[in-house]
Amino acid sequence: MGITVVEMATEFRFVAIPEEFARLIGVADEDTRIFRAEGNHAAMRRWFDALCEYIGPCVSPGGAAVYAKVSRAAVYKRMKAGGLTACCFHIIGKTKTIFGKEKKLKEWPLVYIPVAECKAWGAELDERGARLEANRGTQEDEAALEEAEFDEDGPRPDFVHYDPKDKKRRDVKYMTGARRIQETDTEETEDDEH
């Protein structure tokens with residue numbers, strides 16, 4: 001039940017995904033550690049409880065920026081490059097089109113990043129900064145610090161909002177903004193029976 005961290009000197013430490021959580025965490029986007037799961041509200045609660053139990057405390061991308069002492073844009077950039085674990089859960093539902101066809105409704109995901117990775121990234125950056133200040137730094141140290149300061153007026157986190165497997169699928173509609181999939185009263189009991 002403890003958190004295992006893969007560790008190397010001055011290299012980033014990813015949290016290990018325990019076998020008990022591997023079946024729930026979801027599928028990783030290609031070349032990343034962005035894991036995606038989906039289901040109804042009850043499934044999300046079970047997923048989140050397991051995430052906290054097996055991975056430990058997690059925060060949003062904004063919280064990750066605070067822990068790692070970097071910009072939010074840098075968090076998104078690192079996630080997209082496969083350098084940070086992100087656990088995403090899309091709440092889904094169904095609707096019918098005016099022609100009677102079923103359409104899947106999907107919300108933008110809830111995104112959680114392990115605090116252990118955020119702290120490890122921040123510590124790595126502190127080490128790199130200390131080496132540079134002591135005139136023992138490398139170009140790699142400079143590049144890592146520049147990447148952490150990466151900032152834009154409006155970072156584009158769309159890659160995290162939309163599941164790559166839904167690309168070009170006409171039978172999936174994303175619910176954005178204030179529109180949300182409503183939880184039904186029967187959802188908890190129906191889901192618990194399976």
Side-chain angles (χ1 to χ4, degrees), residues 12 14-15 17 21-52 54-97 101-118 121-122 147-184 187 191:
F12 185 72
F14 287 112
V15 296
I17 309 298
F21 187 54
R23 63 182 177 80
L24 290 175
I25 195 170
V27 178
D29 293 357
E30 190 174 339
D31 298 325
T32 73
R33 285 184 58 93
I34 299 172
F35 295 90
R36 293 181 189 275
E38 62 184 40
N40 60 27
H41 292 82
M44 184 275 165
R45 287 189 285 272
R46 280 192 305 280
W47 174 87
F48 184 75
D49 289 344
L51 174 69
C52 293
Y54 294 110
I55 302 299
C58 294
V59 291
S60 68
V66 172
Y67 271 104
K69 300 170 269 183
V70 300
S71 69
R72 189 178 301 207
V75 170
Y76 286 120
K77 182 178 180 181
R78 189 169 176 113
M79 283 171 50
K80 190 173 187 177
L84 199 58
T85 302
C87 302
C88 303
F89 194 95
H90 294 269
I91 293 180
I92 58 171
K94 294 178 183 175
T95 190
K96 290 208 183 264
T97 67
K101 287 189 170 192
E102 198 168 87
K103 192 168 224 167
K104 182 180 192 177
L105 299 176
K106 196 169 193 176
E107 290 186 11
W108 282 359
L110 301 158
V111 180
Y112 298 101
I113 298 168
V115 169
E117 286 190 11
C118 302
W121 186 16
E147 183 178 286
E149 292 175 1
F150 174 77
D151 208 357
E152 297 177 352
D153 290 337
R156 303 281 309 161
D158 288 351
F159 71 92
V160 91
H161 296 316
Y162 298 99
D163 191 335
K165 78 175 189 291
D166 294 334
K167 201 172 198 165
K168 298 183 182 179
R169 285 189 58 191
R170 297 170 67 121
D171 63 333
V172 176
K173 178 181 181 182
Y174 277 83
M175 308 294 289
T176 60
R179 297 174 55 201
R180 295 282 179 238
I181 297 169
Q182 297 301 309
E183 184 170 5
T184 62
E187 191 170 36
D191 208 44

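Count residues from 1 along the sequence. Being a predicted model, the structure only gives us computed values, none of them experimental.
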Which heavy-atom pair separates K80 from T32 by the least distance, and what is that distance?
O-CG2, 3.7 Å

Over 60° means perpendicular and under 30° means parallel, so tell me whether Y162 and W108 are parallel, tilted or perpendicular.
perpendicular

Test side-chain contact (heavy atoms from CB on, under 4.5 Å) on K101 and R170 and set out the steps.
CA-CA 11 Å; K101 287 189 170 192; R170 297 170 67 121; over 6 Å; no

Smallest separation among heavy atoms of A148 and A74, with atom names
O-CB, 3.3 Å

Scanning both residues in full, the closest heavy-atom pair of V160 with P109 reads O-CG, 3.2 Å

Side-chain donor-acceptor pairs of residues 86-93 under 3.5 Å, sequence neighbours excluded:
unit_1 : atom_1 : unit_2 : atom_2 : d
H90    : ND1    : E107   : O      : 2.8
H90    : NE2    : R36    : NH1    : 2.9

Of the non-hydrogen atoms in F35 and G26, which two are nearest, and what is the gap between them?
CD2-O, 3.7 Å

Give the C-alpha distance, both sets of side-chain angles, the deciding distance and a yes or no for side-chain contact (heavy atoms from CB on, under 4.5 Å) between D171 and K104.
CA-CA 6 Å; D171 63 333; K104 182 180 192 177; 5.7 Å; no

If you count the non-hydrogen atoms of other residues, nucleotides and ligands that lie under 6.0 Å from OH in Y67, is the total more than 12?
no

CZ/R33 to CD1/I25 distance, rounded to the nearest 0.5 angstrom?
7.5 Å

Closest non-hydrogen atom pair between A50 and L24, with its separation
CB-CD1, 3.6 Å

Could you grab the distance from atom OG of S71 to atom CZ of R78, nearest 0.5 Å is fine?
12.0 Å

Apply side-chain contact (heavy atoms from CB on, under 4.5 Å) to residues K173 and T95 and explain how you reach the verdict.
CA-CA 9 Å; K173 178 181 181 182; T95 190; 5.9 Å; no

Does some side-chain heavy atom of V27 sit less than 4.5 Å from a side-chain heavy atom of K165?
no

Between D166 and Y174 the two heavy atoms that sit nearest each other are OD2-OH, 2.5 Å

Nearest 0.5 Å, please: how far is NZ in K94 from CG in N40?
10.5 Å

Once you measure the plane-to-plane angle for F159 and Y76, does it fall in the parallel (<30°), tilted (30-60°) or perpendicular (>60°) bin?
perpendicular

Check against side-chain contact (heavy atoms from CB on, under 4.5 Å), I55 and Y112
CA-CA 10 Å; I55 302 299; Y112 298 101; over 6 Å; no

Using 0.5 Å steps for rounding, measure from the NZ atom of K77 to the CG atom of L84.
13.5 Å

Any side-chain heavy-atom pair from R169 and K106 closer than 4.5 angstrom?
no

